[in-house]
J.: 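Take this structure first; my questions come after.
Computed from a predicted model, the values in this text were never measured in an experiment.
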Amino acid sequence: MTRRPAVVVGAIVVLAVGILVGVVIGSRGDDTPVPPGTRATAAVVPGSATASLPAQETTSGLPSIDNRDVEMYDYLGGLRLPRSPTAGPRTMEGDLASGFAHSPLGAVLAAVNIAYRTAPNLGAPVYEPTISSQVVGVDKPALLAAARRDGSSSVPKPGQRIAGSDSSLDGWRVDSYSPDQVTMHYLISQVSENGDLVSAAVQVDLRWIDDDWRVIAPAGGDWASAGGPARDTSTYLPFTR
């Protein structure tokens, strides 16, 4: 049987969360579902990266986004996440992140910084307050229950790398934008165990509530439902220029 790349988007969450954060990329010869944090083939959901969009700057109806001041910073567990002096996060205390600009770029940065912090393997001091205060939607209880079930009680130790930290956060794409609601995808890549470069896309929906962006919990509280293979990476913009 021919082996083919497979992507797992677990709790973003990555990381085990899904993305594994939740996103773990590997190779399998079948589509057998497995728990987050293990190797599997994720189903492609409607609106995922398999659908092509024009380049962001020329997509009709979407705002032009200036990301020249975005930089990647080192976070817990060996992760690297994006931030901007103008778009946020403006507050980073206790390994948490909040205070994002009411702008398209603020939404993009909020999506990644909040979603990643719902990862169970970042520890209860991170996922508990993040999900409790920065996630909304009918599936929020399920997301929190899954994190409590699969998560650790403490944050990773200095120098400790968590599952998924060897993946690369490569880009983002805004699919729809209004001042109070955004749908975007971010792109993650990793070299599979058989040497192939595999890319996954994760959809994140956000709403502007109480002067900050909030992430809408994925269906069923499972980030695997929001991700799938990215077969066209040309539709994404890099986080940094």
Side-chain angles (χ1 to χ4, degrees), residues 10-23 36-37 69-103 105-137 139-167 169 172 182 184 186 188 202 204-218 221-223 239-240:
I12 289 190
V13 102
V14 186
L15 321 170
V17 159
I19 293 187
L20 304 175
V21 114
V23 174
D69 70 348
V70 174
E71 62 180 10
M72 304 300 288
Y73 67 94
D74 293 326
Y75 186 56
L76 295 173
L79 300 175
R80 286 180 60 78
L81 302 177
R83 66 183 175 190
S84 157
T86 58
R90 298 191 181 99
T91 301
M92 298 180 67
E93 299 177 353
D95 300 318
L96 307 179
S98 62
F100 297 92
H102 194 184
S103 68
L105 182 57
V108 168
L109 299 178
V112 175
N113 278 276
I114 294 173
Y116 266 72
R117 285 173 167 84
T118 67
N121 53 356
L122 286 176
V126 174
Y127 70 71
E128 283 275 358
T130 296
I131 297 175
S132 296
S133 65
Q134 295 180 280
V135 175
V136 298
D139 294 296
K140 172 180 174 176
L143 181 63
L144 183 57
R148 287 172 173 170
R149 180 190 66 232
D150 302 328
S152 60
S153 60
S154 59
V155 301
K157 298 178 181 178
Q160 178 183 352
R161 301 185 67 89
I162 63 174
S165 60
D166 56 344
S167 62
L169 186 58
W172 53 273
V182 174
M184 59 85 66
Y186 63 89
I188 300 172
V202 179
V204 182
D205 298 296
L206 305 97
R207 293 183 61 193
W208 182 259
I209 301 174
D210 295 335
D211 296 321
D212 210 349
W213 289 108
R214 316 289 171 174
V215 165
I216 299 175
D222 184 359
W223 283 105
F239 279 98
T240 60

J.: If you measure from CG on Leu109 to CE on Met184, what distance do you get to the nearest 0.5 Å?
T.: 8.5 Å
J.: With sequence neighbours left out, write down each residue that passes side-chain contact (heavy atoms from CB on, under 4.5 Å) with Thr240, or none if nothing qualifies.
T.: Val70, Met72
J.: Please name all residues satisfying side-chain contact (heavy atoms from CB on, under 4.5 Å) with Ala147, sequence neighbours left out, ordered by chain then number.
T.: Pro120, Tyr127, Ile131
J.: Any side-chain heavy-atom pair from His102 and Asp211 closer than 4.5 angstrom?
T.: no
J.: With sequence neighbours excluded, what pairs up with Asp139 under the side chain to side chain donor-acceptor pair (under 3.5 Å) test?
T.: none
J.: Without swapping roles, check the side chain of Arg214 against the backbone of Ser133 for a donor-acceptor pair under 3.5 Å.
T.: yes
J.: Decide yes or no on side-chain contact (heavy atoms from CB on, under 4.5 Å) for Val215 and Asp205, but give the supporting numbers first.
T.: CA-CA 6 Å; Val215 165; Asp205 298 296; over 6 Å; no
J.: Could you tell me which non-hydrogen atom of Ser152 sits nearest to which non-hydrogen atom of Ser154, and how far apart they are?
T.: OG-O, 2.9 Å
J.: Quick test of your reading: applying side chain to side chain donor-acceptor pair (under 3.5 Å), list the pairs with at least one residue in residues 77-93, sequence neighbours left out, ordered by first then second residue.
T.: Asp69-Ser84, Asp69-Thr86, Glu71-Arg83, Asp74-Arg80, Ser84-Thr86
J.: Compare every heavy atom of Pro156 with every heavy atom of Leu122, then report the nearest pair and how far apart it is.
T.: O-CD, 3.5 Å
J.: Quick one: closest heavy-atom pair of Pro82 and Pro89, and the distance?
T.: O-CD, 4.3 Å
J.: Kindly write out the residues that satisfy side chain to side chain donor-acceptor pair (under 3.5 Å) with Glu128, not counting sequence neighbours, or none if the list is empty.
T.: Arg148
J.: So, taking the atom named OG1 in Thr118 and the one named CD in Gln134, what distance separates them when rounded to the nearest 0.5 Å?
T.: 10.5 Å
J.: Look at the side chain of Trp213 and the backbone N and O of Ala101, then say whether any donor-acceptor pair between them is shorter than 3.5 Å.
T.: yes
J.: What I'd like to find out is whether the side chain of Val112 reaches to under 4.5 Å of the side chain of Leu81, using heavy atoms alone.
T.: yes
J.: Check Gly221 against Ala146 and note the closest heavy-atom contact, atom names and distance.
T.: O-CB, 4.4 Å
J.: Could you please spell out the steps behind the side-chain contact (heavy atoms from CB on, under 4.5 Å) verdict for Val204 and Trp223?
T.: CA-CA 9 Å; Val204 182; Trp223 283 105; 4.0 Å; yes
J.: Partners of Leu96 by side-chain contact (heavy atoms from CB on, under 4.5 Å), sequence neighbours excluded?
T.: Val126, Pro129, Thr130
J.: Set out, in order, the CA-CA distance, both residues' side-chain angles and the distance that settles side-chain contact (heavy atoms from CB on, under 4.5 Å) for Ile216 and Lys140, then state yes or no.
T.: CA-CA 8 Å; Ile216 299 175; Lys140 172 180 174 176; over 6 Å; no
J.: Is it true that a side-chain atom of Arg117 and a backbone atom of Asn113 form a donor plus acceptor pair closer than 3.5 Å?
T.: yes
J.: Write down the atom of Ile188, the atom of Tyr186, and the distance for their closest heavy-atom approach.
T.: CD1-CE1, 3.5 Å
J.: Passes side-chain contact (heavy atoms from CB on, under 4.5 Å), Phe239 versus Val108? Steps please.
T.: CA-CA 9 Å; Phe239 279 98; Val108 168; 4.0 Å; yes
